[in-house]
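These notes concern the structure reproduced below.
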Amino acid sequence: MPDQQQPHEPGRAVAGTGMGGGMDLAATEAATLERDPDQPDGAGPQDRPRSLWSDAWRDLRRNPVFLVCALVICFLVLIAIWPSLIAPGNPLSCDLARAQDGPSPGHPFGFDGQGCDVYTRTVHGARASVTVGVCATLGVAVLGSVLGALAGFFGGGWDAVLSRITDVFFAIPVVLGGLVLLSVVTSNTVWPVVGFIVLLGWPQIYRIARGSVITAKQHDYVQAARALGASDTRILLRHIAPNAVAPVIVVATIALGTYISLEATLSYLGVGLKPPSVSWGIEISAASPYVRNAPHALLWPAGALAVTVLAFIMLGDAVRDALDPKLR
């Protein structure tokens, strides 16, 4: 008698035995037989392709230096936006009777030479310093990246002119330029300092962006896009920029800490932020004459400045290591 075909349950598959018969397999077992032997376990069409940014973010999450620096920077940004959260006092309220006094209950950092609370002024000074660093970095990154991308992509006379202009700006000493340009400014806001840093800082980002674009536009995918009829704007924005922006991010992150230090230097010299503005550079300058009698008035704002600059520089180093494929 011919064999009767047995009905199989839903969710099960029938695989041939090679002898004219068949055997029932579970769906998972059938999928195992049908899978390509060269395909690794767990891989499938639903898995997202790995990219430079996903690999970098995975490495950063496992880097303790990045995590510590990120926490410090988040705390600095928080107190810059909302300093009264941890220092409810008025930074402009001073009492000459308590000038140069040491730490006391309610005043953990003591008082400066004018009788102002050092703790309150140190906390409120983060706003000006962080604002200058962030705004100057954004301005430098945008201006330098745009000019560098255009020069690297189009080349020719545009590239030659911008390269000579950057050589002129590189020849200007930063501190000396600040003494000359900012000495005629009477504004007490942060914007003259931000404008000065952007004016002298964009050539560095320009050179980084130009070199990255020149390297990226030589790749095969750019040539393929051009052969398919893509416009210059589309090639630059969709194909070159995403692959050339990593070095700019690294340099800008490290430069942010440098710009905060530069603002403190200019304020210390009296040409940056000016009283009644509150910044770490102003506090260091005001405490310098009393460093022997009241060292606490100098150490706390100087320590806050050093920790902030170090956090941004180490954060930039961690980002550089994560975005550099050669270090993997």
Side-chain angles (χ1 to χ4, degrees), residues 53 56-57 60 65-66 68-81 125-150 162 166 169-170 172-175 177-178 181-182 185 187 189-213 241-242 244-268 271-273 277 279-281 304-324:
W53 300 102
W57 175 238
L60 289 174
V65 175
F66 171 80
V68 172
C69 293
L71 290 176
V72 172
I73 292 172
C74 289
F75 175 73
L76 290 170
V77 172
L78 177 63
I79 65 174
I81 297 174
R127 170 176 293 181
S129 299
V130 173
T131 300
V132 169
V134 172
C135 293
T137 302
L138 290 177
V140 166
V142 172
L143 181 60
S145 298
V146 171
L147 295 179
L150 294 177
L162 285 178
T166 56
F169 278 95
F170 272 119
I172 300 176
V174 177
V175 177
L181 296 178
L182 295 178
V185 178
S187 175
T189 63
V190 300
W191 304 117
V193 181
V194 172
F196 165 76
I197 295 177
V198 172
L199 179 64
L200 293 186
W202 69 268
Q204 180 184 16
I205 301 296
Y206 164 85
R207 287 192 170 181
I208 298 296
R210 174 181 175 272
S212 299
V213 170
V245 72
V248 175
I249 294 177
V250 172
V251 174
T253 305
I254 298 176
L256 200 156
T258 305
Y259 296 152
I260 293 177
S261 178
L262 178 59
E263 178 275 323
T265 302
L266 296 174
S267 298
Y268 179 84
V271 296
L273 298 179
S277 299
S279 75
W280 293 329
L305 175 63
V307 170
T308 302
V309 174
L310 182 63
F312 278 107
I313 292 178
M314 294 183 67
L315 180 74
D317 289 340
V319 173
R320 179 198 60 194
D321 295 342
L323 291 177
D324 190 353

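Keep in mind that this is a model prediction, so the values were computed, not measured.
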Seminar exercise, completed: Here the pair of heavy atoms bringing L273 nearest to S279 is CD1-CB, 3.7 Å

Exercise. Looking only at heavy atoms, what is the nearest atom pair of V250 and G316, with distance?
Worked result: CG1-O, 3.9 Å

For this session: Please report the closest heavy-atom contact between A136 and V198, naming both atoms and the distance.
Result: O-CG2, 3.8 Å

Problem set entry | Closest contact, heavy atoms only, I260 versus G133 | CG1-CA, 3.8 Å

Problem set entry | Heavy-atom check, side chain of V77 versus side chain of V134, under 4.5 Å | no

Seminar exercise, completed: CZ of R210 to CG of L162, rounded to nearest 0.5 Å, is 9.5 Å

For this session: Find the distance between CD1 (I208) and CD1 (I249) and round it off to the nearest 0.5 Å.
Result: 13.0 Å

Exercise. Can you check whether I254 reaches F312 side chain to side chain, under 4.5 Å on heavy atoms?
Worked result: no

For this session: Might you confirm whether atom OH of Y268 has over 12 heavy atoms from other residues, nucleotides or ligands at distances under 6.0 Å?
Result: no

Problem set entry | Flag side-chain contact, heavy atom, 4.5 Å: Y259 against V140 | yes

Exercise. Taking R127 for the side chain and I81 for the main chain, is one N or O donor matched with an acceptor at less than 3.5 Å?
Worked result: yes

For this session: Could you tell me the separation between the CZ atom of F66 and the CG atom of D317, rounded to the nearest 0.5 Å?
Result: 13.0 Å

Problem set entry | Side chains of V245 and S145 in contact at under 4.5 Å (non-hydrogen atoms) | no

Problem set entry | From L262 atom CG to S267 atom OG, the distance as rounded to the nearest 0.5 Å | 9.0 Å

Problem set entry | Side-chain heavy-atom pair L200, F196 within 4.5 angstrom cut-off | yes

For this session: Check L181 against V185 and note the closest heavy-atom contact, atom names and distance.
Result: O-CG2, 3.7 Å

Seminar exercise, completed: Only one of T189, I197, V190 passes side chain to side chain contact (heavy atoms under 4.5 Å, CB included) with V193, and that residue is I197

Problem set entry | Closest approach of L182 to P192 (non-hydrogen atoms, all atoms of both residues) | CD2-O, 3.7 Å

Exercise. What's the spacing between L256 CG and I73 CD1 if we round to 0.5 Å?
Worked result: 8.0 Å

Exercise. Could you state the interatomic distance from OG1 (T166) to CH2 (W202), rounded to the nearest 0.5 Å?
Worked result: 6.0 Å

Exercise. Going by heavy atoms in the side chains, are W191 and V194 under 4.5 Å from each other?
Worked result: yes

